Amino acid sequence: MSRPVNFTEATYLALHAMALAAASGETPLSIHGMAETLQASEAHLAKVIQRLSRSGLVQTTRGPKGGVVLAKKPDETTYLEIFEAIEGPLKPAGCVFGRDECACEKCIFGDFISKMTEETRAWLKANTLADFANFGE
């Protein structure tokens with residue numbers, strides 16, 4: 001299936017898992033429960049949570065009363081931080097083939113791809129988990 005914005009499945013899982021954690025407040029969520037809610041692979045989600053933990057976005061605790069909680073307040077966590085925890089830095093767009101020079105006289109996309117990348121970056125940076133969850137409303 002084609003996606004309007006071509007993030008990896010891991011990025012989509014990270015964004016949704018973080019939203020679930022934000023909605024739960026300080027109540028830890030199990031990876032098993034999150035995977036069921038998201039209808040996702042538990043193993044894949046566990047790897048995503050591990051990356052989010054290494055990036056300092058979530059805290060995890062083992063055991064029957066353990067689980068996943070946000071490491072920061074929802075209004076302090078941007079979608080860009082979550083994206084970059086999974087994908088690495090969102091770099092300015094270049095050639096879609098990774099070349100220094102276009103094989104054509106000029107790029108058929110013009111500056112469309114770089115504009116879309118910058119708009120995506122700006123949107124990810126401007127939105128936080130609190131914006132998504134409408135905390136306090």
Side-chain angles (χ1 to χ4, degrees):
M1 173 168 79
S2 180
R3 298 176 180 144
V5 177
N6 198 19
F7 294 158
T8 64
E9 182 179 350
T11 297
Y12 284 118
L13 280 175
L15 289 163
H16 285 83
M18 292 289 288
L20 288 176
S24 77
E26 295 182 21
T27 304
L29 296 176
S30 72
I31 291 175
H32 175 78
M34 293 171 84
E36 280 187 348
T37 299
L38 297 173
Q39 298 179 357
S41 160
E42 189 172 336
H44 193 188
L45 181 59
K47 289 178 184 178
V48 167
I49 295 297
Q50 187 177 52
R51 288 161 88 178
L52 293 171
S53 178
R54 274 188 257 145
S55 295
L57 295 175
V58 297
Q59 295 175 336
T60 59
T61 308
R62 291 184 176 192
K65 294 185 180 182
V68 178
V69 295
L70 295 181
K72 303 188 294 185
K73 294 178 184 175
D75 64 346
E76 297 173 350
T77 305
T78 67
Y79 288 1
L80 182 62
E81 290 176 280
I82 299 165
F83 175 90
E84 290 186 337
I86 303 302
E87 301 293 335
L90 182 58
K91 298 177 183 172
C95 176
V96 295
F97 297 112
R99 298 183 185 131
D100 291 333
E101 281 187 32
C102 189
C104 300
E105 192 171 312
K106 64 180 187 175
C107 181
I108 64 172
F109 293 107
D111 62 353
F112 173 75
I113 293 175
S114 56
K115 282 184 179 179
M116 290 293 98
T117 302
E118 284 310 308
E119 284 188 33
T120 300
R121 172 183 258 296
W123 186 86
L124 290 169
K125 188 175 182 179
N127 287 279
T128 68
L129 290 172
D131 296 328
F132 169 78
N134 297 318
F135 285 90
E137 293 185 5

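None of these values were measured; they are calculated from a predicted model.
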Between L38 and L13, is the side-chain contact (heavy atoms from CB on, under 4.5 Å) condition met? List the steps. CA-CA 8 Å; L38 297 173; L13 280 175; 4.2 Å; yes
Can you see which heavy atom on [X] is nearest to which on [Y], and at what distance?
{"X": "A10", "Y": "H44", "answer": "CB-NE2, 3.8 Å"}
{"X": "T117", "Y": "K91", "answer": "CG2-O, 3.4 Å"}
{"X": "I82", "Y": "A14", "answer": "CG2-CB, 3.7 Å"}
{"X": "E26", "Y": "V69", "answer": "O-CG1, 3.8 Å"}
{"X": "A85", "Y": "S55", "answer": "CB-OG, 3.3 Å"}
{"X": "A71", "Y": "G56", "answer": "CB-O, 3.2 Å"}

Quick one, [X] and [Y] - any side-chain contact, counting heavy atoms below 4.5 Å?
{"X": "N127", "Y": "T78", "value": "no"}
{"X": "D131", "Y": "Y79", "value": "no"}
{"X": "L124", "Y": "F7", "value": "yes"}

If you round to the nearest 0.5 Å, how far is [atom2] of [Y] from [atom1] of [X]?
{"X": "L52", "Y": "E81", "atom1": "CG", "atom2": "CD", "answer": "11.0 Å"}
{"X": "T60", "Y": "R54", "atom1": "OG1", "atom2": "CZ", "answer": "11.0 Å"}
{"X": "M116", "Y": "D111", "atom1": "CE", "atom2": "CG", "answer": "9.5 Å"}
{"X": "L129", "Y": "K73", "atom1": "CG", "atom2": "NZ", "answer": "14.0 Å"}
{"X": "E87", "Y": "L80", "atom1": "CD", "atom2": "CG", "answer": "11.5 Å"}
{"X": "S30", "Y": "E36", "atom1": "OG", "atom2": "CD", "answer": "7.5 Å"}

When you measure from the side chain of [X] to the backbone of [Y], do you find a donor-acceptor pair of N or O atoms at a distance under 3.5 Å?
{"X": "S53", "Y": "I49", "result": "no"}
{"X": "S24", "Y": "A21", "result": "yes"}
{"X": "T128", "Y": "A130", "result": "yes"}

Take L70 and L57 through the test side-chain contact (heavy atoms from CB on, under 4.5 Å) and record every step on the way to the result. CA-CA 6 Å; L70 295 181; L57 295 175; over 6 Å; no
Please determine whether the number of non-hydrogen atoms from other residues, nucleotides or ligands lying under 6.0 Å from atom NZ of K72 exceeds 12.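 Yes, the 6.0 Å shell around NZ holds more than 12 heavy atoms from other groups.
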Looking only at side chains, do T8 and T11 share a donor and an acceptor under 3.5 Å apart?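 Present: a donor and an acceptor within the cut-off.
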So E84 and R121, salt bridge (charged side-chain N to carboxylate O under 4.0 Å, His left out) or not? Walk me through it. CA-CA 10 Å; E84 290 186 337; R121 172 183 258 296; 3.4 Å; yes
